[in-house]
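Worksheet: one structure, shown below.
For ligands, and for the atoms within them, numbers begin at 1 and follow the listed sequence. Everything numeric in this text was worked out from a predicted model, so none of it was measured.
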Amino acid sequence: MDKLVIEGGRQLRGEIAVSGSKNATLPIMAATLLAPGQYRLTRVPNLMDIRTMANVLRVIGAKVEQSGHSLLIDTSHANFPEAPYELVKTMRASFYVLGPLLARFRRARVSLPGGCAWGPRPVDLHLKGMEALGAALTLDEGYIVAEGQKLNGAKFFFPISSVGATGNVMMAAVLAEGETILENAAIEPEITALAEFLLQMGADIRGIGTTTLHIRGADSLQPIDAEMIPDRIEAGSFVAAVGVVGGEVELTGANPDHIHSVIHAANQAGIEISSRGHSLQIKANGRPAPLHLSTAPYPGFPTDLQAPFMALLSVANGNSSITDTIYTDRFAHVPELVRLGARINLVGNCALIEGVEELQGATVMSTDIRASVSLVLAGLRAQGRTEVLRVYHLDRGYEKIEAKLSKTGARIWREEGTL
Ligand code: UD1
């Protein structure tokens, strides 16, 4: 297993190109199952999670070819509506195929994802939404078996705002008979991108970008080509990176509209950000100012940036707090940041962070995608050498992060590791 080695203490200067959004690409890949044919997706990030979803589609019988940042998907001969445990357990987003499989084949067998480093992550809302559309669900040896000879439009209220459940149920509803109304639907940009993709395929969806979606089922949909949106979480992670070590970076190919809450938080921490079209100029110097952050569904501060901002606030000039209201157990990075010299105490779902002047290099362990990036950020700031083990977590969600950071002056490289 590879590890990343970082020699900290260098400011970042230069340009970083933002990749396409992983979390928008994954449901869109699943959506290609809805209509047989050829799709070309461009600006697809080159990541492990994308390869995992490609393998899920291949099991189902689709052809998937990746060339650079393009994906050519042919779902003409998809005929095996099943997602196996071996793949779903490595990436929960594989569960996104449930809705499209059920809609196209009227039956599906999809493994339940199982445990997660962020604590319990149920999929009950995905299942309740499918049931509301008339699917019959049973559990068979860890797999959800869904049957729905006829899916009917229905009114469904999400008691909790859920990105995955909104996407999944929306994909089932676009081929159901009659109108589906989804209330308290997620409005994350990745869900909007999925809805727009479905619209281009011929789906009838109104209310895109709002919490109430009206979906009128179509008889059939058509394959299309589409470009993926910029990754707002990667962009926000680089904002935190500049804040933690200082410097001046131009982020290109970003969508500033998707990260208002992040820009606001960064500004409060003393990071200067100006945007010009799809570029963000980020400037930071000295220690960040302390912040009190709370995660919330979009347009609130994203839970996916909780860990990177914790690395930032670890060196703030005062005491900060971060409360995660979405994933209340998502704090596996805390003890690792503490190994680097951060002073963080957890009280329930709130991390109390006493800013320190310096961090010190150490060997630390990645536990999930965003936790890993927080360790990289802390390593960039720490004095001496930091080794981040189990970097495969990072490879799931950050394309060539070491190359992007070295290009801006960081000393960071990959080595073969043993753990
Ligand atoms: C997606 C993102 C993830 C991000 C999260 C929240 C992808 C591939 N992943 O995950 O990076 O952190 O949104 O922005 O896009 N919940 C239930 N029952 C369900 C589904 C969710 O109780 O059936 C709860 C979750 O436990 C959580 C909250 O709803 O507390 C939000 O989760 P959700 O938006 O569904 O996250 P994911 O789609 O899994």
Does ligand 1 have any atom sitting under 4.0 Å from a heavy atom of [X]?
| X | value |
| --- | --- |
| E190 | no |
| S161 | yes |
| R370 | no |
| P122 | yes |

Under-4.0 Å salt bridge between R40 and D74: no

Can you name the atoms of ligand 1, numbered from 1 with element, that are less than 4.0 Å from a heavy atom of [X]?
| X | answer |
| --- | --- |
| A93 | 8 (C) |
| H126 | 23 (O) |
| G164 | 35 (O), 38 (O) |

Plane angle bin for H333 and F331 - parallel if under 30°, tilted between 30 and 60°, otherwise perpendicular: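 Tilted, since the angle between the ring planes falls between 30° and 60°.
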
Polar atom proximity, [X] to ligand 1 (N or O, under 3.5 Å):
| X | answer |
| --- | --- |
| D304 | yes |
| D124 | yes |
| S162 | yes |
| A165 | no |

What residue and atom, counting heavy atoms only, is the protein's closest point to [atom], and at what distance?
| atom | value |
| --- | --- |
| atom 30 (O) of ligand 1 | I326 O, 2.6 Å |
| atom 1 (C) of ligand 1 | V163 CB, 4.0 Å |
| atom 24 (C) of ligand 1 | I160 CG2, 4.2 Å |

Residue from R107, R58, R109 passing salt bridge (charged side-chain N to carboxylate O under 4.0 Å, His left out) with E82: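 That would be R109.
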
